[in-house]
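For reference, the structure discussed in these notes is given below.
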Amino acid sequence: MSLFYETLTKKENLAFKARKKAFKKNKPCAICGRIYRPEYMMVAHIKPVSEIDDWTALYDQTNWEVRCIGCERELNRQAQLEELEHGEN
């Protein structure tokens, strides 16, 4: 869990999760174009959270896209391989 979620109250956390759930409803994966059941879809940030200085920007839906879990895993795997190739930790 990111530090962002730890700063939210329980009420804020539930509201944010509800917003993300509504955002991804019936949307295809931005990468493969498939639509899966909601539990296999996620809201991802286009600009990585690690590059966002103002946490309120995490609510900016123009920086959100829907991805299936399979594509998200593959993106993360590719990023890890790139880090290893470039000697980054």
Nearest atoms (heavy-atom pairs only) where [X] meets [Y]:
X: Cys68; Y: Cys29; value: N-SG, 3.3 Å
X: Leu58; Y: Trp64; value: O-NE1, 2.9 Å
X: Thr62; Y: Ile46; value: O-CD1, 3.8 Å

Margin query: With clusters defined by side-chain heavy atoms of hydrophobic residues (ILVMFWY) lying less than 4.5 Å apart, directly or transitively, does Met42 cluster with Tyr59?
Written below: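 No, no single cluster joins them.
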Note to self: If hydrophobic clusters are built by linking Ile, Leu, Val, Met, Phe, Trp and Tyr wherever their side-chain heavy atoms come under 4.5 Å apart, do Leu8 and Val49 end up in the same one?
What the structure shows: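 Yes, Leu8 connects to Val49 through the hydrophobic network.
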From [atom1] ([X]) to [atom2] ([Y]), nearest 0.5 Å:
X: Leu81; Y: Asn76; atom1: CG; atom2: CG; answer: 11.0 Å
X: Glu12; Y: Lys17; atom1: CD; atom2: NZ; answer: 13.0 Å
X: Leu84; Y: Glu82; atom1: CG; atom2: CD; answer: 10.5 Å

Next item on the list: Could I get the full list of side chain to side chain donor-acceptor pair (under 3.5 Å) partners for Lys20, not counting sequence neighbours?
Entry: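 Applying side chain to side chain donor-acceptor pair (under 3.5 Å) to Lys20 gives Tyr5.
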Next item on the list: Using the salt bridge (Lys or Arg N to Asp or Glu O under 4.0 Å) rule, collect all pairs that involve residues 23-37, keeping only residues at least two apart or in two chains.
Entry: Arg37-Glu39
Margin query: Quick test of your reading: applying salt bridge (Lys or Arg N to Asp or Glu O under 4.0 Å), list the pairs with at least one residue in residues 42-66, sequence neighbours left out, ordered by first then second residue.
Written below: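 Listed once each, the pairs are Glu65-Arg67.
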Note to self: So, using salt bridge (charged side-chain N to carboxylate O under 4.0 Å, His left out) as the criterion, who are the partners of Glu74 when residues are at least two apart?
What the structure shows: Arg77
Next item on the list: Tell me who clusters with Leu75, hydrophobic residues only, linked when side chains sit under 4.5 Å apart either directly or through other members.
Entry: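 Under the 4.5 Å side-chain rule, Leu75 groups with Ile31.
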Checklist line | By ring pair (Phe, Tyr, Trp, His ring centres under 6.0 Å) - contacts of Tyr40 (at least two apart) | finding: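 Tyr40 satisfies ring pair (Phe, Tyr, Trp, His ring centres under 6.0 Å) with no residue once adjacent residues are dropped.
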Note to self: According to ring pair (Phe, Tyr, Trp, His ring centres under 6.0 Å), who are the partners of Tyr36, at least two apart in sequence or on a separate chain?
What the structure shows: none
